[in-house]
Structures are given as structure tokens and as C-alpha cells.
J.: 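I have a structure I would like to understand better, so I am pasting it below and will then ask my questions one at a time.
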Amino acid sequence: MVSFQLESKHNPTVPTGEMPQAMGRIDIFTTRPDTIYGVTFMTLAPEHELVDQITTAAQKDAVEAYKIATAARSERERMADVKTISGVFTGAYATHPLSGEPVPVWIGDYVLAGYGTGAVMAVPCGDERDHAFANFFAGQEGMPEIKNIFEGVDISEEAYTPKDKTPLCNSDFLNGMSYKQAMYTAIQKLEEIGAGKGKTNYRLRDAVFSRQRYWGEPFPVYYKDGLPQMIDRKHLPIELPEVDEYLPTEDGAPPLGRATTWSWCTQENKVVSNDDDRDCVYPLELNTMPGWAGSSWYMFRYMDANNEDEMFSAEAQEYWNNVDLYIGGSEHATGHLLYSRFWVKLLHDLGKVTVEEPFQKMINQGMILGESAFVKELEIEVDGKIEKRFISQGVKAKDLNIKSGRKLHADVSLVNLQNELDMEAFKVWRPDYASTEFITAEDGTFKVSREVEKMSKSKYNVVSPDDICDQYGADTLRLYEMFLGPLEQAKPWNTAGITGVYGFMKKLWKLYHNDAGFSVSEEKASPDSMKTLHKTIKKVQDDIENFSFNTSVSSFMIAVNELTAQKCNSREVLEPLAVLVSPYAPHIAEELWSLLGHKESISEAPFPVFDEKHLVESSKTYPISFNGKMKFTLDLPVDVSKDELEKMVLANEKVQQQLEGKTIKKAVVIPGRIVNFVF
RNA sequence: GCUCGAGUGGUGGAAUUGGUAGACACGUUGGACUUAAAAUCCAAUGGGUAGUAAUGCCCGUACGGGUUCAAGUCCCGUCUCGAGUACCA
């Protein structure tokens with residue numbers, strides 16, 4: 001925050017020396033105090049409260065006209081219209097707090113009243129909007145030459161916006177400093193002389209709390225003489241009315257506008273028919289609340305769902321606290337999390353909840369995306385008439401007089417794996433294009449272009465998992481989705497690798513079967529098989545904790561491959577294995593569980609307990625490296641000291657070969673990990 | 001622009017506190033079985049290079065530096081991509 005004193009000598013409406021403090025200065029907010037010496041002019045939002053007071057008589061008409069023109073445009077319009085530059089000089093000058101030079105004060109609609117203080121210090125050499133503004137009004141009264149404060153940078157064409165190490169110049173005590181250093185130094189100096197203050201600016205946008213939909217909580221609000229009135233709490237809740245269709249009315253009112261019983265009687269204090277023409281009956285609000293009106297706090301209601309007296313009891317909330325884990329789509333990452341946290345913080349401040357956050361842990365799982373197919377459509381001129389053509393991907397349209405082109409979504413079911421479109425099927429699908437000519441490649445095929453997008457009916461890229469289910473079963477589909485990659489990552493749906501998962505399912509089944517059918521031995525399992533089992537228990541247990549389901553699936557594959565190679569057929573291993581697999585592939589696991597002779601569901605079976613003893617080994621394969629590069633491995637005993645280990649390694653023939661004629665500077669021996677010789 | 005996240009084979013992706021980069025799977029190539037195909041099984045598969053071969057050497061985790069006996073992993077800088085947000089000063 002920097003304060004600029006207004007110069008009274010340039011401001012004839014206020015007598016010299018009598019300017020009140022509040023009127024006498026303009027406070028501005030900037031994130032670039034380092035550019036303070038680049039200030040060429042100032043711009044106020046047209047709505048700024050000082051505008052009327054500081055405008056000189058000569059500029060009064062122009063300023064008034066500009067204010068009226070601006071007021072006619074909505075903020076949305078002003079934000080959307082980035083190109084048009086407009087503004088007016090007020091005639092007033094302020095004094096630069098450090099250099100003491102006069103700074104002309106303008107108004108312009110690129111400055112928004114709602115942000116910061118509604119006023120900016122304009123530094124054309126370092127801000128593009130200021131640069132554009134200065135150039136647009138260059139040479140006019142009140143628009144001085146642009147001040148350049150960046151050493152060796154040409155700012156005649158555009159502003160220099162990077163915050164890098166470019167040293168400052170023409171900046172008095174900031175000369176030679178880079179962005180960061182200058183920023184802190186400038187703030188310090190401004191605070192010293194009382195012309196500014198370091199400040200962190202937080203911004204919370206307003207969000208509209210209403211929707212023009214049917215399905216939402218109705219507002220307990222009625223309108224008396226056009227003014228909204230709250231319905232008293234004791235008459236709540238009011239419930240959604242019946243409507244004939246969940247659509248807006250013909251004249252554009254929200255769906256509640258269709259209700260015939262949607263008026264409020266202030267005597268009976270209930271919802272009555274719209275035909276009720278008594279004086280105490282008023283129309284109810286037609287908007288409903290947005291989704292997050294409920295989604296921001298519903299988890300607390302779940303804790304005490306049958307409570308008729310309040311949102312939830314303090315006891316219930318204290319018992320359940322907050323949500324341990326929230327898994328939702330990544331589109332929730334900003335919206336839901338933001339609103340929900342905001343509400344819970346408010347509820348906490350009101351003393352309604354003991355927690356400050358809604359969720360202890362939140363995971364946004366990635367979306368499965370679709371691969372859309374696009375047909376390129378051209379509008380070309382033929383004999384003075386505009387005609388449409390489809391052109392295959394990769395075909396050059398050199399002899400055509402192209403007027404315009406666009407991409408049209410094609411249904412992905414009409415396209416084969418080589419991206420070739422079934423043109424006849426396309427014409428049937430889109431009869432409106434039945435007569436449009438296709439420009440194909442030389443081999444007569446028509447190729448579409450592909451793009452990864454959200455799956456959506458309107459993009460015609462929806463692939464149904466039903467086909468996969470029919471062909472491979474629900475377990476395979478489930479496993480494959482997990483196997484595709486990390487939970488939090490969005491990925492296009494691509495079934496190319498599904499045979500790998502399907503193969504795993506078949507191999508798993510085979511472990512429990514021989515040629516004759518189901519067959520499991522009651523004999524003790526081999527130490528190797530026990531090792532495989534317990535290695536897998538540990539891995540899967542850790543993976544579940546970390547939501548790393550893709551690596552669980554691969555560890556199952558490894559286990560099944562190893563057990564197959566070991567010809568393991570023992571109940572001691574296969575029974576816990578089925579339990580391990582059951583959360584991932586419940587159907588096959590349940591089936592195996594039943595074949596193993598169990599009457600109850602596998603979901604009732606306890607999770608196998610990991611036992612370290614099966615993983616204990618007498619030797620470890622050590623990587624032996626020289627100067628940090630691994631050359632070979634050696635199997636060495638585990639239960640020896642560091643010194644013994646070093647001796648054993650040094651005694652090895654291959655190690656001696658590597659070290660021949662060299663002096664060891666350092667030997668790094670870390671038991672259980674690695675051996676490294678530096679020479 | 002800002003905030004956050006990510007860059008690893010032909011592909012999807014693995015890799016505890018820094019400690020054998022490329023697990024697992026797809027794809028590709030070769031082989032077995034088959035009249036043939038499908039299915040199944042076996043082998044090879046980061047790149048380069050030397051050798052008949054066994055085997056060896058060099059380079060490799062976006063790019064440039066740094067720390068360390070040792071870096072995909074830690075630090076500094078750059079680039080690119082993705083998501084969110086934006087006339088926000």
C-alpha cells in the first residue's frame with residue numbers, strides 16, 4: 001500500500017493548506033513496489049470516491065461523460081472487453097512520495113473499484129495495461145513520457161514484465177537492485193517515511209448463492225412490494241412444490257415458476273395456492289440454493305441424521321469429529337474443498353463444531369477420459385457458391401478456395417482402430433450431412449483426428465464399460481482400471497493392455513485347479529512359497545495405506561507368476577492369497593473361497609497377518625560399485641560385521657581385478673545395502 | 001501473469017529414509033504347438049558399441065549447474081506440458 005499526496009496547487013477546488021488528510025491523498029495497492037520510480041501517472045476507477053473532489057473545472061465535463069458511459073456497462077462487460085482502451089485526465093496531480101515529482105491522475109475503466117483500493121500507480125515500463133494506456137494517450141495533456149527504470153531494456157514496443165535479475169536504473173536508492181531486493185528495500189523506505197505499508201492481500205470472490213434449477217433447497221423468502229422478506233425459522237422447513245416439468249417456464253423464469261402452489265400466506269404461515277388473492281398472500285422466491293449449500297456440511301448431518309431439533313447434536317459431532325478420508329473427483333478439488341472448508345470454519349467460529357477442517361485427508365481421483373474423434377469440415381467456394389466438404393486428416397486441401405473450417409465430433413463407434421471413419425454409417429448417423437462430399441485419402445479411406453477430452457454424451461466419445469464386462473467380466477474391468485496408473489491421475493480410456501490383466505485372472509484360477517478340476521493340497525507349503533505370500537501381504541498392506549492400487553495389482557501378478565513357477569498348490573498359501581485378492585477382484589475371490597470349502601463370505605475373512613520370519617534370509621545380493629558405478633553383484637552373508645564384510649568383498653577375485661593397480665581412497669560398506677570403492 | 005502438479009523405454013507405468021533405473025503389463029521380434037487361425041507356452045526387447053561367442057565397454061530418468069562415496073530422488077537455474085485462476089495492478 002502506497003500513499004500519494006495530492007498536490008493542492010494543481011487542484012483549484014481545494015484551497016492550499018486546507019486539504020483534509022483523507023481527501024488529500026490517494027492510497028494505491030501494488031504488488032510491485034520495486035517499480036515505484038517508474039510511476040508515470042496514476043489511474044483511478046471511475047467510481048472512486050475522490051474523483052469528483054479532485055477533478056478540475058476544465059476537465060469536469062469530460063470526466064462526467066466518461067463516468068456515465070462506464071456506469072452503463074456492467075462489470076462483466078468491462079472484464080470481457082480487454083481490447084478497448086479508454087480513460088480521461090482529471091486535471092489533478094499527486095506528489096510522488098519518494099521523488100517529489102508531480103504525477104498526473106487519470107480515470108480509466110481498466111481499473112476495477114472492487115479490487116485493492118480502486119486505484120493504481122501506473123508503471124508503463126513494467127505493466128502491459130499501463131503501457132497500452134500510456135501509448136494510447138501519448139502526447140495529450142497529463143500524459144508524460146514513459147519512465148524506464150530497467151537497465152538496458154527496450155520498452156518502446158512493449159512493457160517489460162518478467163520479475164528477474166534485471167537491475168533497476170533511474171531509481172535513486174534502488175539503482176542496481178534486482179526485483180526481490182528492491183521490493184523489500186522500497187517497502188522498508190516507504191514505511192520509514194510513513195508513505196506506505198507492506199501488506200498481504202487476500203482475495204475471496206463473491207459466489208452467487210442461487211441456481212435456476214428445480215432440485216435444490218428452496219429459499220425461505222417471499223416478496224412483499226418487491227422486497228425480500230425472510231420466513232421465520234419456526235415455520236421451516238418449506239418444501240419444494242410440485243411442478244409439471246423440471247424446466248424453466250416459457251418466459252424464462254426458473255422451474256419453480258411452474259408451481260401453482262408456491263405463495264406464502266403471512267397469516268396461516270404456510271405455502272398456499274398462487275390463486276389465493278387475499279392481501280396476506282405473497283409470491284415465494286423462485287430460485288433454489290446451489291449444490292454446495294448442502295454439500296458443504298452434509299457430513300455433519302450424517303452423524304445425527306434423525307435429529308428433529310437441530311442440524312446435529314454436539315455429542316454426535318464430538319463423537320465422530322470430521323471425515324477421515326474423502327475421495328472425490330478432481331473437479332471437486334477447488335470448488336467443493338473451498339466451500340466446505342469455508343463453511344466448517346464458520347461453523348467452528350459459531351461454536352457449532354469442534355473441528356476446523358471438514359476432512360482429515362482428501363484424495364481427488366483422476367477422471368477416465370475419452371478419445372474424441374473429429375471430422376474436419378470445410379466451407380469452400382465453388383462457382384461463387386459456398387459448399388461444404390469433409391476432408392480426411394492428412395489430406396492437403398491446396399486447390400480448394402477455403403472460406404472457413406471447423407471440427408465436428410464424430411461418434412467414436414463409427415471409427416476403427418486405424419482412425420478410419422465408416423462414412424456410410426456417419427451419413428446414417430447424421431442425416432443432415434447425408435449429401436456432404438467426403439474428400440478421402442488416395443487409398444479411399446477417411447481419417448479422423450483424435451483428442452483426449454472428458455467423456456461426455458455431447459462429445460460422442462463415451463465408451464461403455466459394459467462391453468468389457470461382457471467379454472472379460474467385472475473383476476477384470478475393476479483390476480484393469482486400477483492397473484492403469486495412480487489413483488489421482490486422469491487418463492484416457494484405452495483397453496490395449498487389458499489382456500494382461502485377463503491373463504492374470506486365468507493364471508490365478510489355474511493355481512487352484514488341475515486338469516481334473518478344483519485341487520488344493522493340505523500339505524505344508526515350501527519356504528519359497530511362504531516367502532512369496534508374505535512378501536505380497538506386506539506389499540499389498542502398504543499399498544492400501546498409500547492408495548497405490550496399481551502397484552498392488554502388479555504385486556499380485558508377480559505372486560501368481562512365482563507361485564506358478566514353484567508349482568505351489570498348498571492351502572496354507574492359496575487361502576490367504578484369495579483373501580488378499582478379494583478387495584481387488586471380489587467375484588473370483590469369492591468363488592475360490594467357496595471352492596476352498598467356506599460357507600461364509602470371503603468378505604468376513606480376516607486380512608492375512610504379515611510375518612517377518614518368512615522373509616529372513618541368510619544372504620543378500622550386494623551391488624558392488626566402483627567410483628559410484630555398479631559393476632556386478634555378490635551374494636554375501638547377512639550376519640557379519642561391517643569389517644568382515646569388507647574383508648570378504650576384498651578377497652573376491654572380481655573385486656581384485658577391478659582394483660588392480662589402484663589405490664583405494666575410500667571404501668563405503670553399508671551392511672544390507674551397498675559396497676562402493678572409491679579410487 | 002499467478003498458484004499448484006508433472007516431465008523416466010515404442011506405450012501405460014515401477015523404483016522405502018539418496019544405495020543394482022526401467023518392476024509389472026502392453027506392444028514388437030523370433031520360436032513351439034496347429035492343415036490354418038485363435039488361444040496357450042518359451043525366448044529376446046532402453047540406446048550405442050566391440051566380439052563367432054561367453055562377455056565387456058560407453059551413454060542414458062526434459063535441459064544446464066551444484067551437493068555427495070553414491071542423485072530419477074536433495075539444492076539452484078531454465079524449458080515444456082497439465083490443472084485451477086485472472087483487465088486482480
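Every chain is numbered from 1 and lettered A, B, ... according to where its sequence line falls, protein lines coming before strand lines.
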J.: Considering only the P atoms, how many Å lie between rC87(B) and rU20(B), rounded to the nearest integer?
T.: 50 Å
J.: What residues form a ring pair (Phe, Tyr, Trp, His ring centres under 6.0 Å) with F504(A), not counting sequence neighbours?
T.: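 Per chain and number, F504(A) pairs via ring pair (Phe, Tyr, Trp, His ring centres under 6.0 Å) with no residue.
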J.: Looking at residues 664-672 of chain A, who's got a heavy atom less than 4.0 Å off RNA chain B?
T.: K666(A), V668(A), I670(A)
J.: What side chain to side chain donor-acceptor pair (under 3.5 Å) pairs are there with at least one residue in residues 497-512 of chain A, not counting sequence neighbours?
T.: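 Those involving residues 497-512 of chain A are K507(A)-N561(A).
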J.: Under the ring pair (Phe, Tyr, Trp, His ring centres under 6.0 Å) rule, collect the residues that match up with Y622(A), sequence neighbours excluded.
T.: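 For Y622(A), no residue satisfies ring pair (Phe, Tyr, Trp, His ring centres under 6.0 Å) once neighbours in sequence are set aside.
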J.: So if I apply the ring-ring contact (aromatic ring centres under 6.0 Å, His included) rule between F41(A) and each of F89(A), F133(A), F137(A), which one comes out positive?
T.: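 The option that passes is F133(A).
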J.: Rounded to the Å, how far apart are L508(A) CG and rC24(B) C1'?
T.: 16 Å
J.: So, is K629(A) near the phosphate of rC59(B), with a side-chain N or O under 4.0 Å from OP1 or OP2?
T.: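 So the side-chain polar atoms of K629(A) do come within 4.0 Å of the phosphate oxygens OP1 or OP2 of rC59(B), strictly under.
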J.: Taking only the C1' atom of each, what is the distance from rU67(B) to rU73(B) in whole angstrom?
T.: 14 Å
J.: Does H48(A) have any ring pair (Phe, Tyr, Trp, His ring centres under 6.0 Å) partners at least two apart in sequence or in another chain, and if so, which?
T.: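 Here no residue qualifies.
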J.: Between rC41(B) and rU55(B), how far apart are the two C1' atoms, rounded to whole Å?
T.: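 Rounded to whole Å, the distance is 29 Å.
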J.: Choose from rG12(B), rC24(B), rG13(B) the nucleotide whose nearest atom is closest to any side-chain atom of N550(A).
T.: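 For the N550(A) side chain, the nearest candidate turns out to be rG13(B).
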J.: Please report the distance separating the P of rC81(B) from the corresponding atom of rU28(B), rounded so that it comes out in whole Å.
T.: 32 Å
J.: Can you sort out the partners of Y584(A) under ring pair (Phe, Tyr, Trp, His ring centres under 6.0 Å), two or more places apart, ordered by chain and number?
T.: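 Y584(A) satisfies ring pair (Phe, Tyr, Trp, His ring centres under 6.0 Å) with F556(A) only.
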J.: Could you list the protein-to-nucleotides 40-47 of chain B atom pairs, N/O on both sides, closer than 3.5 Å?
T.:
{"residue": "rU40(B)", "atom": "OP1", "partner": "K506(A)", "partner atom": "NZ", "Å": "3.4"}

J.: For RNA chain B, produce a single dot-bracket line, 5' to 3'. Pairs: Watson-Crick or G-U wobble, both distances under 3.5 Å. Symbols: ( ) within strand, [ ] crossing, | other strand, . unpaired.
T.: (((((((..(((......[....)))((((((.......))))))(((((....)))))..(((((..]....))))))))))))....
J.: Is it the case that the side chains of T551(A) and S548(A) hold a donor-acceptor pair, with the cut-off being a distance below 3.5 Å and no angle test?
T.: yes
J.: Rounded to whole angstrom, note down the P distance from rC63(B) over to rU8(B).
T.: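 The same atom, P, in both gives a distance of 10 Å.
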J.: So which nucleotide from rA23(B), rA14(B), rA25(B) ends up closest to the side chain of S554(A)?
T.: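 For the S554(A) side chain, the nearest candidate turns out to be rA23(B).
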J.: List in chain and number order the residues that pass salt bridge (Lys or Arg N to Asp or Glu O under 4.0 Å) with K147(A), two or more places apart in sequence or in another chain; answer none if no residue qualifies.
T.: E101(A)
J.: Answer yes or no: is there a donor N or O on one side and an acceptor on the other, between the side chain of S99(A) and the main chain of H96(A), under 3.5 Å?
T.: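 Answer holds: no.
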J.: On the nucleotide rA14(B), are OP1 or OP2 found under 4.0 Å from the side-chain N or O atoms that K539(A) carries?
T.: no
J.: Among rG13(B), rG12(B), rU20(B), find the nucleotide with the atom closest to the side chain of T633(A).
T.: rU20(B)
J.: Can you name the residues that form a side-chain hydrogen bond (donor to acceptor under 3.5 Å, both in side chains) with K345(A), not counting sequence neighbours?
T.: E357(A)
J.: Taking only residues at least two apart or on different chains, which pairs with a member in residues 558-568 of chain A satisfy salt bridge (charged side-chain N to carboxylate O under 4.0 Å, His left out)?
T.: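 Residue pairs with at least one partner in residues 558-568 of chain A: K535(A)-E562(A).
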J.: Could you go through nucleotides 72-75 of chain B and list every protein N or O atom that sits under 3.5 Å from one of its N or O atoms, giving the distance for each pair?
T.:
none

